[in-house]
Every structure is written in structure tokens, then in C-alpha cells.
Amino acid sequence: VKAFVFEGPRKLSLAYLPEPEPGPHEVVVRTKACGVCGTDHHILEGTFIASYPVVGGHEFAGEVAALGRGVAGLQLGQRVAVDPVLPCRMCCFCRVGKFNQCVSLGALGVTLPGGFAECVKAPETNVYPIGELPCEEAAFVEPLACVLWGVRRAGVEPGASVLIFGAGPIGLLLLQSIRRCGAGHLTVVDLNRERLVLAETLGASRTLCCPSDEELRSARPQGFELVVDATGVPAVVERGLKFTSPGGKFLVFGVCPPDGRISLSPFDVYRRDITIVGAFSLNQTFEPALRLIQSGAVSVRPLLSHRFPLEKLPDALGLVGRSGASMKVQIQFP
Ligand SMILES: [Zn+2]
Ligand SMILES: [Zn+2]
């Protein structure tokens with residue numbers, strides 16, 4: 001099978017690998033669509049914990065191509081989405097349901113072969129039938145599942161006023177999910193006017209392009225009950241904390257550089273009862289994410305901006321690496 005292998009930092013090569021053989025309780029999926037995400041770009045750049053060499057791609061959907069011994073409830077040819085997260089299920093964190101914090105956490109496309117290949121092997125427990133949902137929409141279930149983990153961690157109160165920094169694909173999935181959780185008023189900030197127009201069609205109450213601190217302050221003088229960073233820029237996190245209302249929460253969702261730092265006033269956090277929440281990967285949110293896309297409660301098709309064949313993965317990664325150059329980029333298979 002044709003696959004793109006991340007050989008090491010900045011080393012990417014097209015290879016022909018042996019057809020994966022499903023072991024007991026394993027499934028081989030013929031990939032139809034695989035999202036390219038910032039994490040893939042980070043793996044290529046060597047700034048994310050990956051085990052090289054590895055076939056990247058962790059946001060994928062396709063058709064069941066082979067079933068291992070003991071697999072029940074799946075059929076050959078059935079359309080499926082794959083949860084890439086592989087917790088050990090034995091460690092102290094897995095034992096209490098914190099699967100995303102597993103001490104030996106693996107993931108398809110990060111530590112084991114993923115979706116930038118014609119076929120992928122996955123444990124049957126990670127494979128979700130998607131019914132009639134097109135694979136290019138099902139490839140959004142993984143990023144939406146991560147978003148839902150963030151939303152669950154932040155706990156959106158009905159009627160809450162929310163401020164989101166960043167209207168990329170993740171910002172717009174956050175927008176739709178938070179709105180569905182009953183937020184009262186949603187403000188979205190970005191540098192790109194086109195993205196903000198899309199944010200408005202997807203339910204933003206107000207959008208602001210490159211607002212000054214004064215503009216943000218006058219938009220809501222008492223601050224926002226929930227502020228979300230979907231940019232991964234430390235300076236934006238630092239700035240955003242100032243607009244969190246007393247008793248409010250700040251969700252750190254965008255992936256900042258590991259050595260990024262911000263300055264923070266502990267007195268301010270204390271005095272204004274501020275809660276700062278992190279959200280890594282996904283945890284038991286794959287099924288609800290699938291349902292939100294299937295029901296149309298979250299629309300993903302408007303977020304898909306580029307489709308490339310597997311051979312063009314280097315171009316796709318280049319596009320994802322340039323901020324603001326694209327919305328969601330996918331590798332699609334014939
Ligand atoms: Zn991703
Ligand atoms: Zn574990």
C-alpha cells in the first residue's frame with residue numbers, strides 16, 4: 001500500500017508498505033479521507049512527540065477492508081471513522097477514565113501508522129460505523145471530538161457570553177459546539193475577514209477583525225464568562241485572560257509552542273476568581289462528535305477548503321504550515 005512516511009524531523013517520503021494484516025480484534029480500514037492538521041505539521045518539524053519513522057494522519061475515515069478474528073458488529077465494506085487514541089487501559093490515569101492522560105499514550109498517525117496511507121490497521125474498539133455520512137465529513141469527527149473534550153472541560157453555562165480568539169477550522173468547530181451548549185452570546189475575533197464572514201454564517205453573534213483592547217473592552221465592559229484561545233499564540237492567551245469576567249473561565253485550546261511563556265498576575269487570578277482550563281486530545285467524546293455531525297447540529301463541509309491526492313501531501317502540509325492560508329485541508333483517496 002502507498003503511504004507517506006515521516007522518517008524524522010523534516011524528512012518525508014512516499015513508500016510502498018506491505019498490506020496490513022489484522023490481528024485478533026483488529027480491523028483494516030481502506031482510507032477515503034484524512035484531515036491534515038497542525039499536529040502533522042509539528043510531527044514533520046520535529047516539535048511533537050512522535051516515534052519515527054511513522055505514517056502520519058490521525059483524522060481519517062474510510063471503508064472496512066479486512067476483519068481480524070473475533071471482530072463482531074462490523075462488516076466488510078462498511079463506512080467507518082477511526083478514533084486514533086490508543087490508551088493502555090491499565091495505568092493509574094486510565095483506571096479512572098483519564099484516557100487522554102495515559103502514561104503510555106499512543107495514537108494512530110503519531111506512534112503507530114495512521115491515515116496518510118491507502119490502508120490503516122486499528123483496534124475494533126476504535127472503529128465507529130458512520131452510516132451514510134460521507135467520509136470527507138467523517139474525517140472531522142476526530143477534531144470535533146477534541147473540541148468537545150475542551151467544551152466539556154470548560155463547562156459552558158446556558159446563556160454564557162463567550163469570546164473565541166481564532167476562526168480557523170478549530171475555532172469554528174468550537175463556535176458551533178459552544179453555541180449548541182446554550183451559550184447566549186458569541187464573539188469571534190480573527191485577523192482574516194473572510195473567516196469572520198464564515199463565523200457569522202455558522203452562528204457567531206458578533207465578529208471583530210483585529211480589534212484593539214479598547215474595542216474588546218467596549219464590546220463587553222464586564223468581560224466574558226468564557227474566553228477560548230484557538231490560535232495557539234502565547235501573546236493571544238496573555239491578552240485574552242484580561243477579558244475573562246470575574247468568576248469566568250479561560251480555555252487554553254490552541255497548541256502553543258512548548259517553550260512559549262506568558263506573564264500572568266496571580267493576584268488577578270485570585271482577586272477575580274479566574275479558572276484556567278487545559279484540554280488535551282479527546283476523551284470519550286468521539287461518539288458524541290459523530291452524532292453532532294450526523295445530525296447536522298455541527299456543519300463541517302463549509303470548513304473544508306482544500307482536497308489533495310496522497311501524492312500531494314508535502315503541498316498540503318506546506319499549506320497547513322502557513323497560518324491563514326487555508327481552512328481544513330484533506331488528503332482524499334479515489
Ligand atoms: Zn488533528
Ligand atoms: Zn494508560
Checklist line | Sequence neighbours excluded, every pair satisfying ring-ring contact (aromatic ring centres under 6.0 Å, His included) that has a member inside residues 214-258 | finding: none

Margin query: For residues 270-303, which residue pairs pass the ring-ring contact (aromatic ring centres under 6.0 Å, His included) check, not counting sequence neighbours?
Written below: Tyr128-Phe286, Phe267-Tyr270

Spacing of [X] atom [atom1] and [Y] atom [atom2] [to the nearest 0.5 Å]:
X      : Y      : atom1 : atom2 : answer
Leu319 : Ser305 : CG    : OG    : 6.5 Å
Cys37  : Ile43  : SG    : CD1   : 8.0 Å
Ser295 : Arg180 : OG    : CZ    : 7.0 Å
Asp40  : Glu59  : CG    : CD    : 7.0 Å
Thr39  : His58  : OG1   : NE2   : 4.5 Å

For the residue pair [X] and [Y], establish whether any side-chain heavy-atom pair is separated by less than 4.5 Å.
X      : Y      : result
Leu304 : Phe140 : yes
Leu317 : Leu12  : yes
Arg79  : Glu132 : yes
Val120 : Pro20  : no
Leu133 : Leu290 : yes
Thr285 : Val151 : no

Check: In the hydrophobic clustering (ILVMFWY, side-chain contacts below 4.5 Å, transitive), which residues join Val255, or is it alone?
Finding: none

Margin query: If hydrophobic residues (ILVMFWY) are linked whenever their side-chain heavy atoms come closer than 4.5 Å, directly or via other members, who joins Met90 in its cluster?
Written below: none

Next item on the list: Just grab all the salt bridge (Lys or Arg N to Asp or Glu O under 4.0 Å) pairs involving residues 13-38, residues at least two apart or on different chains.
Entry: Glu26-Lys121

Checklist line | Check against side chain to side chain contact (heavy atoms under 4.5 Å, CB included), Lys242 and Leu216 | finding: CA-CA 10 Å; Lys242 291 189 291 191; Leu216 272 173; over 6 Å; no

Note to self: I'd like to know whether Val54 forms a side chain to side chain contact (heavy atoms under 4.5 Å, CB included) with Val110, so could you lay out the CA-CA distance, the side-chain angles of the two residues, the decisive distance to 0.1 Å, and finally the verdict.
What the structure shows: CA-CA 7 Å; Val54 72; Val110 183; over 6 Å; no

Check: Are Lys249 and Glu225 ion-paired here, with the side-chain N under 4.0 Å from a carboxylate O?
Finding: no

Margin query: How about CD on Glu157, more than 12 heavy atoms from neighbouring residues, nucleotides or ligands closer than 6.0 Å, or not?
Written below: no

Notebook entry, point to check: Just wondering, more than 12 heavy atoms not from Phe93 lying within 6.0 Å of its CZ?
Noted result: no

Margin query: Among Arg307, Gln330, Lys328, exactly one meets side chain to side chain donor-acceptor pair (under 3.5 Å) together with Glu136. Which residue is that?
Written below: Arg307

Margin query: List the residues meeting side chain to side chain donor-acceptor pair (under 3.5 Å) with Thr231, not counting sequence neighbours, and say none if there are none.
Written below: Asp229

Notebook entry, point to check: When clusters are formed by joining ILVMFWY residues with side-chain heavy atoms under 4.5 Å apart, either directly or through shared neighbours, do Val233 and Ile276 land in the same one?
Noted result: yes

Next item on the list: Decide whether Val252 and Val228 are clustered together by the hydrophobic rule: side chain heavy atoms of Ile, Leu, Val, Met, Phe, Trp, Tyr closer than 4.5 Å, transitively.
Entry: no

Check: With distance as the sole criterion, is a donor-acceptor pair present between the side chains of Ser161 and Arg220 under 3.5 Å?
Finding: yes

